[in-house]
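Notes follow once the structure below has been shown.
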Number of protein chains: 2
Amino acid sequence: MNKNITSQTLSRLPLYFNYLISLPESRKSGHISATAIAEALGLNDVQVRKDLASVSNGGRPKVGYPTSELIGDIGKFLGFANHDGVIVVGMGNFGRAMLENRSFADYGFEVVGGFDCDEKLVGTEINGKPVRNVSELGSFCRERNIQIGIITVPEAAAQEVCNLMTGAGIKYILNFAPVHLSAPAGVAVHNENISLTLAMLARKTDVGDIK
Amino acid sequence: MNKNITSQTLSRLPLYFNYLISLPESRKSGHISATAIAEALGLNDVQVRKDLASVSNGGRPKVGYPTSELIGDIGKFLGFANHDGVIVVGMGNFGRAMLENRSFADYGFEVVGGFDCDEKLVGTEINGKPVRNVSELGSFCRERNIQIGIITVPEAAAQEVCNLMTGAGIKYILNFAPVHLSAPAGVAVHNENISLTLAMLARKTDVGDIK
DNA sequence: CTGATATCGATACCGGAATATCGATATTCC
DNA sequence: GGAATATCGATATTCCGGTATCGATATCAG
């Protein structure tokens, strides 16, 4: 078990995790080899073994890794046992979808509330979660020590919301507005531009040769 | 202008594009250097120059690249002048958000319709776009030669929808269900697991040392 | 017209990630 | 118990993207 890990490995761990928990119960009680996982996921076996070495105590030759233990190790490593509060700003359809997304729980996140500036929405509840006025964002986050924020507002307001969040002590921002946000050092921003993702997917193979 | 391009370059092009169109009109008529772009975006100037070489006919020493021409070249390359039809399956909040997303148009996409299996939704319109029964998906896509599909259904139904899409001749699939879908060769699937994206963002700096 | 300067394109170099190879070890079968 | 085999972990190699360097060229100043 080696705690030094690369981003690439980190990005593959959930893949292994998903694959392992999708196995029938009967197989979870036994062992599984890196070779088998690689085969199933279309990856290189050495790569899988190396990735698993980062989180697991090691497998046994000829046998492989104890499946349930491996699931536990990966899950623990990814922090799926955590319980981190998340806020969402922008209660359009996108924001609502975030409040209703049940899959966050599987990864150790809980959306604790939504924010909007539309007075008609403020005070209502979505999926049992209260919608508050954006003006309360700062105090709310500081009181509860919220560190993760999701931005689902129109692009014109995105940077402003981002500033508000960083001011409230938020450290991780997931931005769905189609603009590239910048934040001060110490704050991690991930810009998820869906149109762009689609463009890369659909255009990649169109244009010339892409290696 | 070299048509061989890497994914990494492709992913940076929109960044340049956004930066260039955000320039004041007065500067768009002139020229801009790779050095200046790199400076503004916090990148390496050689990298920018290399990227631009993939799409542009070249700049002139001491002068740089003609700004408006460069904007046109990148846009053309990214296919922003295209007009590709897209369908969305799953009319939950997430699917609705897709039908209402105006930013697709900027990237050359148009959502031409939504699909669901809920009879209460079928026949209605969302943002002026009709919601059809999933059973019509095949004929609809083949008639109009739709090649791009977005999946926003619950995870249990995702693989089934995926199969339906590939059967209907769809070539590019953007999947938001939190499962890893697989499709036959010739079909590109991008699995966008939001919980996972959030996990990578928020956990990256938590767990051990990440290089 | 000539020298200084900014910028380009090409080539060379560097580092990290993926992959291949190899010896070691555990299990299975005879 | 010993040979055959599957699998592991470690080391070596390859490949690719990013960065630095250098000569060439266009503009500008004097």
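Scope of the values below: all heavy atoms of this structure, side chains included, with no hydrogens, waters or symmetry mates. What you see is a predicted model, and the numbers here were worked out from it, not measured in a lab. Letters go in sequence order (proteins before strands), and every chain restarts at 1.
Ring orientation note: the planes of A:F80 and A:F17 are nearly perpendicular, at an angle over 60° on the 30°/60° scale.
Per the geometry, NZ belonging to A:K62 stands 14 Å off P belonging to C:dA26, to the nearest Å. In this structure, the NZ atom of A:K50 is 13 Å from the P atom of D:dA12, given to the nearest Å. Taking atom CG of A:D51 as the reference point, atom P of D:dG9 lies 12 Å away to the nearest angstrom. Rounded to whole angstrom, the span from the CG atom of B:L52 across to the C1' atom of C:dG9 amounts to 12 Å. C:dT7 atom P lies 11 Å from atom CD1 of B:I37, rounded to whole Å. Residue B:N44 contributes atom CG, which lies 5 Å from atom P of D:dT19 at whole-angstrom precision. B:I32 places its CD1 atom 15 Å from the C1' atom of C:dA6, with the value rounded to the nearest Å. The interatomic distance linking A:D45 (CG) with D:dA10 (P) rounds to 15 Å, in whole Å.
The phosphate of C:dT21 has neither OP1 nor OP2 within less than 4.0 Å of any side-chain N or O from A:R49. At C:dC8, one or more side-chain N or O atoms of B:T35 fall inside 4.0 Å of OP1 or OP2 (strictly under the cut-off).
For B:Y65, counting side-chain heavy atoms from C-beta on, the closest listed nucleotide (C:dG9, C:dA26, C:dT7) is C:dG9. Looking at the side chain of B:R12, the nearest of the listed nucleotides D:dT19, C:dT28, D:dG18 is D:dG18. Of the candidates D:dA26, D:dG17, D:dA20, D:dG17 carries the atom nearest the B:T6 side chain, counting heavy atoms from C-beta on.
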Quiz prompt | Verdict with reasoning, B:Q147 to B:D84, per side-chain hydrogen bond (donor to acceptor under 3.5 Å, both in side chains) | solution = CA-CA 8 Å; B:Q147 306 222 318; B:D84 296 324; over 6 Å; no

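B:N175 pairs by the side chain to side chain donor-acceptor pair (under 3.5 Å) definition with B:N191, not counting sequence neighbours.
Applying the Watson-Crick and G-U wobble criteria (two distances, each under 3.5 Å), C:dC29 pairs with D:dG2.
When each of B:G64 and A:Q47 is assigned the nucleotide of DNA chain C with its nearest heavy atom, B:G64 is the one assigned upstream, toward the 5' end. Closest-nucleotide positions on DNA chain D for A:V46 and A:P61 were compared, and the one nearer the 5' end corresponds to A:P61.
Looking at A:S195 and B:S103, their side chains do bring a donor and an acceptor atom within 3.5 Å of each other.
B:R60 comes within 4.0 angstrom of sugar-phosphate atoms only, judged by non-hydrogen atoms across all strands, and of no base. Within 4.0 Å of A:V63, counting heavy atoms only, lie sugar-phosphate atoms of the nucleic acid but no base atom.
In terms of heavy-atom proximity, A:C141 sits nearest to A:I87 at SG-CD1, 3.6 Å.
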